[in-house]
Number of protein chains: 2
Amino acid sequence: MSAYGQYCPMAKALEILGDRWTLLIVRDMITGTTHFNELERGLPGISRALLAKRLRQLQDGGVIQKRNHRSGRQTTEYHLTEAGFALRDVVNGLLDWGAAWAFGDPTPQELDPLLLLWWMHQRVNRDQLADDRVVVQFDFYGAETGSYWLVLTPDDVTLCLTDPGYELNVLVTADLATFFKLWLGRISYQDAIRDSRVLVEGIPRHVRAFPRWFAWSPAAGAVRAAQEA
Amino acid sequence: MSAYGQYCPMAKALEILGDRWTLLIVRDMITGTTHFNELERGLPGISRALLAKRLRQLQDGGVIQKRNHRSGRQTTEYHLTEAGFALRDVVNGLLDWGAAWAFGDPTPQELDPLLLLWWMHQRVNRDQLADDRVVVQFDFYGAETGSYWLVLTPDDVTLCLTDPGYELNVLVTADLATFFKLWLGRISYQDAIRDSRVLVEGIPRHVRAFPRWFAWSPAAGAVRAAQEA
DNA sequence: CAGTATCCTATCCGATACTG
DNA sequence: CAGTATCGGATAGGATACTG
């Protein structure tokens with residue numbers, strides 16, 4: 001019984017969208033995610049069973065469509081319908097409100113480096129990559145400590161939890177909370193570098209190009225706008 | 001554990017707003033509801049315990065404020081904060097999306113005449129009431145059958161489940177589903193009257209004035225806009 | 001009017017394993 | 001890759017009754 005029993009457009013909308021995780025799934029799909037395992041990676045804490053259930057509910061609600069390719073090895077893609085794309089306003093509304101009224105510095109529980117790197121690897125400006133291949137190592141410290149690697153080529157971006165072995169081009173050393181705030185637009189790249197809270201090392205050409213390799217968080221604009229107001 | 005653990009403005013917004021009933025409470029407060037029992041009446045199916053909990057969560061989230069008047073007999077009012085008023089965009093976004101993509105004819109479960117009358121009594125244009133007192137009787141038929149009364153004065157609107165005894169001024173006879181659709185803007189008053197699906201009787205002056213006594217549903221505009229598109 | 005208190009059930013989550 | 005199956009523990013939610 002997830003229905004409200006009210007003949008009201010908002011109640012009907014919430015019957016489709018109001019369950020836990022559902023609007024975060026839509027958020028990820030609006031930014032281009034199409035695969036089950038990608039969605040799962042972007043939603044740490046959701047169980048695979050529950051994600052499958054939510055995707056079924058979104059299909060039933062007419063928000064997404066399931067498409068199967070190749071009948072042999074399963075390859076399923078989920079795509080937004082026209083109704084799903086129309087949720088952009090709702091998603092942006094929540095993003096803007098959250099940025100203005102519910103967003104502070106990250107809590108320790110929110111400092112998940114793997115989620116941050118997962119987001120980053122999805123937001124690489126491939127057209128900004130001049131070289132054949134760039135290897136970036138991230139050394140985080142603070143509450144969580146660890147090293148992660150991104151291997152960037154114009155065709156492909158790979159996230160590694162162990163040293164991929166290639167020659168390193170850029171080394172980023174940063175407090176994890178600070179880098180999260182940078183990613184979300186709460187502090188500027190210039191400030192982070194100037195205060196030495198984020199250190200980017202490598203040959204000057206790569207160091208200069210580094211900030212342009214990423215599109216940064218889709219929410220960064222809303223966060224900056226909220227801070228200026 | 002209602003947190004998502006994501007450092008993202010939308011996830012943070014949904015940690016405050018994403019629970020069942022919460023955004024419907026905000027919807028009702030945006031349209032002017034301030035009292036606990038009024039909220040409960042507008043949300044059939046919610047338990048008093050859960051409503052109290054949600055109101056506490058909305059306070060903790062900075063969306064509403066609780067104000068106590070008179071220490072003797074308890075009189076509490078809930079008011080939106082600035083952050084709460086800022087949710088108007090989110091609420092309207094969901095309303096518009098619901099009207100466009102999730103709103104059809106009412107299901108039998110949604111035909112609650114008491115909720116309809118509760119909504120109507122909240123949306124009376126008191127400045128349109130010329131007389132001292134107008135008594136309107138609603139006779140519904142269809143899935144649910146029953147009679148209800150509204151007693152309208154410029155100072156006060158009362159909803160009665162039994163004949164209030166005063167002289168009747170207007171008698172409305174209608175199929176409940178049809179009157180719901182009229183209330184929500186899915187059909188026009190002219191069409192409903194012309195097709196005799198809604199019958200309004202009384203002295204001509206009252207009958208002519210009747211449709212102006214109500215502001216109709218706050219969602220009617222969105223529903224009409226969605227139907228034209 | 002404005003809530004608590006209590007009990008019970010449905011759902012969710014986390015882990016683990018398995019399938020085509 | 002894309003799920004389903006199962007199981008146990010933890011909450012969330014609903015029904016009902018009671019209070020200052």
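Note on naming: letters A, B, ... go to the chains in the order of the sequence lines (proteins, then strands), and numbering restarts at 1 for each one. Heavy atoms only: backbone and side chains are in, while hydrogens, waters and symmetry mates are out.
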**Student:** Any side-chain N or O of Y78(A) below 4.0 angstrom from OP1/OP2 of dC1(D)?
**Tutor:** no

**Student:** Starting at CG of L50(B) and ending at P of dT6(C), how long is that distance when rounded to a whole Å?
**Tutor:** 18 Å

**Student:** Tabulate below the donor-acceptor pairs under 3.5 Å that side-chain atoms of residues 81-93 of chain B make, not counting sequence neighbours, or state none.
**Tutor:**
unit_1 : atom_1 : unit_2 : atom_2 : d
T81(B) : OG1    : G62(B) : O      : 2.6
T81(B) : OG1    : V63(B) : O      : 3.0
T81(B) : OG1    : A83(B) : N      : 3.3
T81(B) : OG1    : G84(B) : N      : 3.2
N92(B) : ND2    : R88(B) : O      : 3.3

**Student:** Using whole Å, what does the distance between atom C1' of nucleotide dA2(C) and atom CD of Q59(B) come to?
**Tutor:** 13 Å

**Student:** Looking at residues at least two apart in the chain, or sitting in another chain, which of them share a side-chain contact (heavy atoms from CB on, under 4.5 Å) with T31(B)?
**Tutor:** P218(B)

**Student:** Mind jotting down which residue pairs meet the ring-ring contact (aromatic ring centres under 6.0 Å, His included) criterion with at least one end in residues 7-48 of chain A? Sequence neighbours excluded, please.
**Tutor:** Y7(A)-F103(B), Y7(A)-F180(B), W21(A)-Y4(B)

**Student:** What integer distance in Å separates E77(A):CD from dC1(D):P?
**Tutor:** 13 Å

**Student:** In terms of side-chain geometry, is the basic nitrogen of R41(A) or E38(A) positioned less than 4.0 Å from the acidic oxygen of its partner?
**Tutor:** no

**Student:** Could you work out, with salt bridge (Lys or Arg N to Asp or Glu O under 4.0 Å) as the rule, every residue matching E40(A), not counting sequence neighbours?
**Tutor:** R48(A)

**Student:** Look at the side chain of K53(B) and decide which nucleotide, out of dC13(C), dG14(D), dG13(D), has an atom nearest to it.
**Tutor:** dG13(D)

**Student:** Does any pair with a residue in residues 151-171 of chain A pass ring-ring contact (aromatic ring centres under 6.0 Å, His included), and if so which ones, sequence neighbours excluded?
**Tutor:** none

**Student:** Mind checking if A49(B) touches a base, just sugar-phosphate, or nothing, with heavy atoms under 4.0 Å?
**Tutor:** base

**Student:** Rounded to whole Å, please give me the gap between CD1 in I46(A) and P in dC12(C).
**Tutor:** 10 Å

**Student:** D19(B) CG to dG14(D) C1': how many Å, rounded?
**Tutor:** 15 Å

**Student:** Indicate every side-chain donor-acceptor pair of residues 112-120 of chain A with a distance under 3.5 Å to a residue at least two apart or in another chain.
**Tutor:**
unit_1  : atom_1 : unit_2  : atom_2 : d
D112(A) : OD1    : L114(A) : N      : 2.9
D112(A) : OD1    : L115(A) : N      : 3.2

**Student:** Counting heavy atoms from C-beta on, name the nucleotide in dG3(C), dC12(C), dG3(D) closest to the side chain of A52(A).
**Tutor:** dG3(D)

**Student:** Do any side-chain nitrogens or oxygens of W21(B) fall under 4.0 Å of OP1 or OP2 in dA12(D)?
**Tutor:** no

**Student:** Drop me the distance from L150(A)'s CG to H121(A)'s NE2, to the nearest 0.5 angstrom.
**Tutor:** 8.5 Å

**Student:** Please list every stem that involves DNA chain C, where a stem is a run of 3 or more consecutive Watson-Crick or G-U wobble pairs with both pairing distances under 3.5 Å.
**Tutor:** C:1-20 with D:1-20

**Student:** To the nearest Å, how far apart are R20(B) CZ and dT11(D) P?
**Tutor:** 21 Å

**Student:** Compare the minimum distances between each of dA2(C), dG14(D), dA2(D) and the side chain of T76(B), then state the nucleotide with the smallest one.
**Tutor:** dA2(C)

**Student:** Would you list the pairs meeting side chain to side chain donor-acceptor pair (under 3.5 Å) in which at least one residue belongs to residues 154-165 of chain B, sequence neighbours left out?
**Tutor:** D156(B)-T158(B)

**Student:** Taking atom P of dT11(D) as reference, at what distance in whole Å does atom CD of E15(B) sit?
**Tutor:** 16 Å

**Student:** Can you list the residues that meet the salt bridge (Lys or Arg N to Asp or Glu O under 4.0 Å) rule with R186(A), with sequence neighbours excluded?
**Tutor:** D105(A)

**Student:** Can K66(A) and E77(A) be counted as an ion pair, charged N to O under 4.0 angstrom?
**Tutor:** no

**Student:** With distance as the sole criterion, do the side chain of R48(B) and the base of dA2(C) form a donor-acceptor contact below 3.5 Å?
**Tutor:** yes

**Student:** Can you pull out the residues from residues 30-43 of chain B that lie within a 4.0 Å heavy-atom distance of DNA chain C?
**Tutor:** H35(B), F36(B), N37(B)

**Student:** Apply side-chain contact (heavy atoms from CB on, under 4.5 Å) to D19(A) and list each qualifying residue two or more places apart in sequence or on a separate chain.
**Tutor:** T22(A), R54(A), Q57(A)

**Student:** Calculate the interatomic distance between L55(B) atom CG and dG13(D) atom P; express it in whole Å.
**Tutor:** 14 Å

**Student:** Check each residue of residues 113-123 of chain A for a non-hydrogen atom within less than 4.0 Å of any atom in DNA chain D, then write out the ones that pass by number, or none.
**Tutor:** none

